[in-house]
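Note sheet for the following structure.
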Amino acid sequence: MRLEILLTALLFFGGTILSGYALRRVLKLQGEGFLFSAVSGTMLWWALMEVILVPMTMRFASFQSFVYLYGAAVLLLCVAGLFCWKDIVEDARLFCADWKKYVTPGHVVALALIAYQLWFIHHHMYLEWDDTYYVNLANEAVYSDKIYWVYPETGAMADFDKRYVLSLWPIFYAWLSKLIGVIPTIMAHTILPWLMIPLAYMVYGLLGRRLFPKDAGLRGMFLAFAVMMHLFMSGEHTAGLTFLSITPWVGKGLLATVLIPMLLFCVLRTADGQGQAGKSGSFGDWLLLGITGLGGCLLSSMGIMLSPLFVGAAVFLAAVQKRSVPYLLKGAAACVPCVLLGIYYIYLTR
């Protein structure tokens, strides 16, 4: 199983980093090294999957056809990322020159706690009762070759459950399991935590850089505190903090621990230069915000509502502080994909 974990991690992080560099090149984003590329590439993967998966589900396409189409799209992104090798080499050079910024006491403590968190979930697995629905949804996709045609709790042919049909996150790790050659249950419970837990702390690392750009010590303390909160300040098994420690394969948990913090990071990028009236980030920053919101719609049906709600509230406050109507309008435009999916969700469930 160690080999499967390693192969999946190489596929996921290698692919998302290359995709992130391709996205940075197209949107002309001033990045923050490998972390920014990995996280932005992940958002692009999830948003692209939402765009491809929803119409294929509605058209009753087979899971195998989705694997081919989505796999080809991801491969194209990775190939495009290879053409950004100069950017990759430059980031590697800068990382080697500034490596001391990543060995503060706070960073060392954070890395030790993350290693403990990974060890704990690998040796003390928690099985959520929702697995009978969500993980079985992935199993049915692989073994019946049908995307949501089969009701996962009974195995009977059934109509779509309108609450979840627009947010089929289990199909993502079903796709990974198909590529690696393991069953989706193993992918979810054993392998996916090694991807999602580091991904979450990559986002917190980016947030720390944005909040404390000139103090590496504070960035390390911020990251260590974030890890400690997830480990020791949960309280109940369905809290957002707990999800990352015990069930990081659950979509709504990733919405709380990865997606919402990433939306905050994106909003902070657009609001860079506070105090300068009218300054509202580059076009690429706004598009990244929209891509991230769309990616949240894949994770959970709650993301269709929470993503634009969070972005709208944050952008409104920033627009008031900036006294900038254009900033508010750009924020509203970034929420359009989520709003359209929300309207479609109301149409399906009415």
Side-chain angles (χ1 to χ4, degrees), residues 20 23-24 26-32 35-36 39-51 54 166-167 169 199-200 202-211 226 240 243 251-346:
L23 182 66
R24 285 173 52 182
V26 172
L27 300 184
K28 299 179 180 179
L29 293 171
Q30 294 182 353
E32 302 185 38
L35 287 187
F36 178 73
V39 175
S40 60
T42 302
M43 299 302 112
L44 180 59
W45 275 25
W46 291 351
L48 178 64
M49 181 173 175
E50 181 74 359
V51 170
V54 169
L166 300 181
S167 305
W169 160 249
L199 177 66
M202 287 180 183
V203 177
Y204 286 116
L206 292 176
L207 270 176
R209 290 186 192 179
R210 183 61 55 176
L211 295 172
F243 272 120
K252 52 183 174 288
L254 295 177
L255 179 69
T257 56
V258 176
L259 203 286
I260 298 297
M262 183 59 185
L263 286 175
L264 175 60
F265 170 77
C266 291
V267 171
L268 291 176
R269 280 183 65 93
T270 64
D272 198 17
Q274 292 184 10
Q276 302 180 30
K279 187 169 183 180
S280 57
S282 68
F283 172 78
D285 290 325
W286 286 110
L287 196 53
L288 177 61
L289 179 60
I291 289 172
T292 302
L294 181 58
C297 297
L298 172 71
L299 299 177
S300 171
S301 54
M302 291 188 297
I304 299 175
M305 177 190 69
L306 289 179
S307 295
L309 182 63
F310 177 85
V311 171
V315 167
F316 174 77
L317 293 175
V320 170
Q321 189 271 334
K322 290 173 171 292
R323 300 177 183 176
S324 173
V325 174
Y327 183 89
L328 182 62
L329 294 178
K330 291 176 182 179
C335 296
V336 167
C338 297
V339 172
L340 292 177
L341 278 173
I343 293 172
Y344 189 43
Y345 178 84
I346 293 172

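Between Leu264 and Leu268, the closest side-chain pair of non-hydrogen atoms falls below 4.5 Å. The shortest side-chain heavy-atom distance between Met43 and Val258 falls under the 4.5 Å cut-off. Between Leu23 and Leu288 there is a side-chain heavy-atom pair separated by less than 4.5 Å. Put simply, the side chain of Leu254 reaches to within 4.5 Å of the side chain of Trp169, judged on heavy atoms. Looking only at side-chain heavy atoms (C-beta outward), Ser307 and Leu259 come within less than 4.5 Å of each other. Using a 4.5 Å heavy-atom threshold, the side chains of Leu317 and Val320 count as separate. By the 4.5 Å heavy-atom criterion applied to side chains, Thr42 and Trp46 are counted as neighbours. The shortest side-chain heavy-atom distance between Arg24 and Phe36 falls under the 4.5 Å cut-off.
The two residues Leu255 and Gly303 come nearest to each other via the heavy atoms CD2-N, 3.6 Å. Between Val311 and Gly331, the shortest heavy-atom distance links the atoms CG1-O, 4.3 Å. Contact between Gly20 and Ser40 at its shortest, heavy atoms only, is CA-OG, 3.8 Å. In terms of heavy-atom proximity, Pro261 sits nearest to Tyr204 at CG-OH, 4.0 Å. Between Leu328 and Val315, the shortest heavy-atom contact is CA-CG1, 4.0 Å. Heavy-atom minimum distance, Ala314 versus Val267: CB-CG1, 3.9 Å.
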(message) Apply side chain to side chain contact (heavy atoms under 4.5 Å, CB included) to residues Val39 and Met262 and explain how you reach the verdict.
(response) CA-CA 8 Å; Val39 175; Met262 183 59 185; 3.3 Å; yes
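The CZ atom of Phe265 sits 4.5 Å away from the CG atom of Leu206 when rounded to the nearest 0.5 Å. For the atom pair Leu287 CG and Thr292 OG1, the distance stands at 9.5 Å (nearest 0.5 Å). Leu309 CG to Cys335 SG: the interatomic distance, rounded to the nearest 0.5 Å, is 9.5 Å. Residue Leu29 holds its CG atom at 10.5 Å from CZ of Phe283, rounded to the nearest 0.5 Å. For the atom pair CH2 (Trp45) and CD1 (Ile291), the distance works out to 15.0 Å, reported to the nearest 0.5 Å. The SG atom of Cys338 lies 11.5 Å from the CD1 atom of Ile343; values are rounded to the nearest 0.5 Å.
Remark: side-chain polar atoms of Ser167 are not paired, donor with acceptor, to backbone N or O of Leu299 under 3.5 angstrom.
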